[in-house]
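This is a predicted model, so every value here is computed, not measured. All values below come from the heavy atoms of this structure, side chains included, with hydrogens, waters and symmetry mates left out. Proteins get letters first, then strands, A, B, ... in listed order; numbering begins at 1 in each.
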Amino acid sequence: MMSKAMSQGDRIIQMGLCCPALIICGVFVWLLFDVVSQGISGLSWQFLTQLPADAGRAGGIVSIIVSTFIVLIIALLVALPIGLGTAIWLAEFADEDQTGMAVAVWVRRSLQLLAGVPSIVVGLFGYAVFCQLLGLGYSLLAGGLTLGCMILPLLIGSLEAGLRAVPCTYRINAVALGLSKFSVIRRILLPQAAPALLAGLILSIGRALAETAALLFTSGYVTRMPESVYDSGRVLSVHVFDLAMNVPGGDKNAYATALVLLLGLLLINSVLKKVVNIWAAREN
Amino acid sequence: MTKSVAFGRKLQHTTPQDISLQSGPPAISIRNLGLSYGGHKVLKNINFEARAGKITALVGPSGCGKSSLLSVVNRLSDLQACKVEGEVFIAEDNILHSAVNVLKLRRRIGMVFQKPSPFPMSIRENLLFPLREYGVKGDQLEKTLEDNLRLVGLWDEVKTRLNDSALVLSGGQQQRLCFARCLSLNPKVLLLDEPCSALDPRSTQIIEALIWHLRESHTILMVTHNLAQARRLADDVAVCCLSDGVGSIVESGKTAQVFDFPAHPVTAEYLGFETAEVRSSD
Ligand SMILES: Nc1ncnc2c1ncn2[C@@H]1O[C@H](COP(=O)(O)OP(=O)(O)OP(=O)(O)O)[C@@H](O)[C@H]1O
Ligand SMILES: [Mg+2]
């Protein structure tokens, strides 16, 4: 890495900058080692396929995995269309006239606010609106909707940035050819923004899977297998929290659950990468 | 195809929802056109005519507003934060009228930009994507693809790699691809912004021959810095010059007339040096 052409000063700066980078690696490896080493012994086929027993100390986490999956799917089903629509509007249409620009200012302000609100507050909001006002009670649906609100700013922010980064010459050429805006967005802009969309999705899913506070009082914490989206259910992060904080002797399964969460995240990310790549390549 | 100014004025009061579709290429007539970018005036008092089925070359020093002028003709100026005043008639319609259907307008006008800019897709899709948008279907797609790539002399170079990304082509190949993409959509008017500036002499020859071949069936408005090229190709020439930082057309007319007997001292100065060069190289 170090070229001969580098001055003494540059070399010192390079080393100085390399240290924090290495610290990041170190923290990650430590975290991974901690979770894997303590969780691996609890991980087994039974753990993944059995219902929890004895407050989670025994048995498995299958109902928890199912609840988590359902909450995540609901959150994405809500946030993706709204997020895509908003991002495309902000990046491609809002600047076209005065009203659009004025509205966009407020949309951006709301998003910034939403992004900065602590998740516990979003949870309170979700409880008040989805559980009580809409009468959904403690349910996977209420939890999913609340999570959807939470990941919207992330999704919209990254997708809008991705769309804006697409060179303007494509748009100008397309307009000169008399192509419709819709097909230009579909065939050129979205495929070009696909990596940004992917990054946003991965961030959002990570955020959603990690969320504990907001879900405690929207989707609830019963460990039963949910029968519908109107049932209450416990997600992985809540399970980890409960085992670690409230259940003496639950540490081992807490770590095993955390490991499942981590592996699930990695799996989802790699599948997503494949899907987005295939889609972007097909558009070419 | 000649029409009086009065005739155009009268028609200006009708609201041209759609630009009339007609068989022959239309004349373009620019009247009292002015253009400014956010208060900064770039063009003023532009008056000239691009005759139907003829090649009109637009020449002038860099930065005098030639590209800006072209962008008004297909209302690409709408995308920029610029103010346009005056009138631009294509056939009988003032295309600056707010009621004009710009999508239809742009579908009648092909444009090749100064900088080649194929879409980030395969070479094939660069042509097929717009064609499909225009409703071309089935076998016609592949045929149009091959015909137009042959027209710009690109077929033999790319026929074995039509599915490769167009972005890996050389600059000159990209420019010819854009030319093919534009022609495949059958425009009646062609706006060419230095179409040969990225090309080697051989490709330039191909494109010049093509432009010559397209005359009669197309009205061509071509910006070029290559005065020899303007002389070779153009029926008419319009000379754009800067005065006090604002561009205007100082002279326009038949090519031979403008080159050999420039009426305006500024034209003579701008053409003089190059004309001598052309003569010596001929
Ligand atoms: N989008 C824009 N916003 C602001 N100013 C612009 C814009 N486009 C062009 N200009 C300015 O307008 C003037 C004319 O530019 P234009 O590109 O039309 O010149 P040109 O004659 O085509 O030059 P060249 O021969 O170098 O291509 C220049 O001073 C340029 O800086
Ligand atoms: Mg230019």
Which atoms of B:Pro118 approach chain A - backbone, side chain, both or neither, heavy atom under 4.5 Å: backbone
Interatomic spacing from NZ in B:Lys115 to OG1 in A:Thr169 - rounded to 0.5 Å: 5.5 Å
Would you say the side chain of A:Leu179 lies within less than 4.5 Å of the side chain of B:Arg106, judging by non-hydrogen atoms? no
Can you see which heavy atom on A:Arg187 is nearest to which on B:Met121, and at what distance? O-CE, 3.7 Å
Contact class of B:Ile109 relative to chain A, heavy atoms under 4.5 angstrom: backbone
Which heavy atom of B:Arg107 sits nearest a heavy atom of A:Gly178, and at what distance? NE-O, 2.8 Å
Check: residues 153-160 of chain A side-chain donor-acceptor pairs under 3.5 Å, at least two apart:
residue: A:Ser158; atom: OG; partner: A:Leu154; partner atom: O; Å: 3.0
residue: A:Ser158; atom: OG; partner: A:Leu155; partner atom: O; Å: 3.2
residue: A:Glu160; atom: OE2; partner: A:Arg108; partner atom: NH2; Å: 2.6
residue: A:Glu160; atom: OE2; partner: A:Arg164; partner atom: NE; Å: 2.9
residue: A:Glu160; atom: OE2; partner: A:Arg164; partner atom: NH2; Å: 3.3

Pairwise distance CG(A:Leu177) to CG(B:Leu103) - rounded to 0.5 angstrom: 11.0 Å
Working to the nearest 0.5 Å, report the span between CZ of B:Phe119 and CG of A:Asn173. 5.5 Å
Which of residues 127-150 of chain B have a heavy atom under 4.5 Å from any heavy atom of chain A? B:Phe129, B:Pro130, B:Arg132, B:Glu133, B:Tyr134
Strictly less than 4.5 Å between heavy atoms, which residues of residues 69-80 of chain A line up against chain B? Please order them by number. none
Which residues, numbered in order, of residues 66-83 of chain B come under 4.5 angstrom of chain A by heavy-atom distance? B:Asn74, B:Leu76, B:Leu79
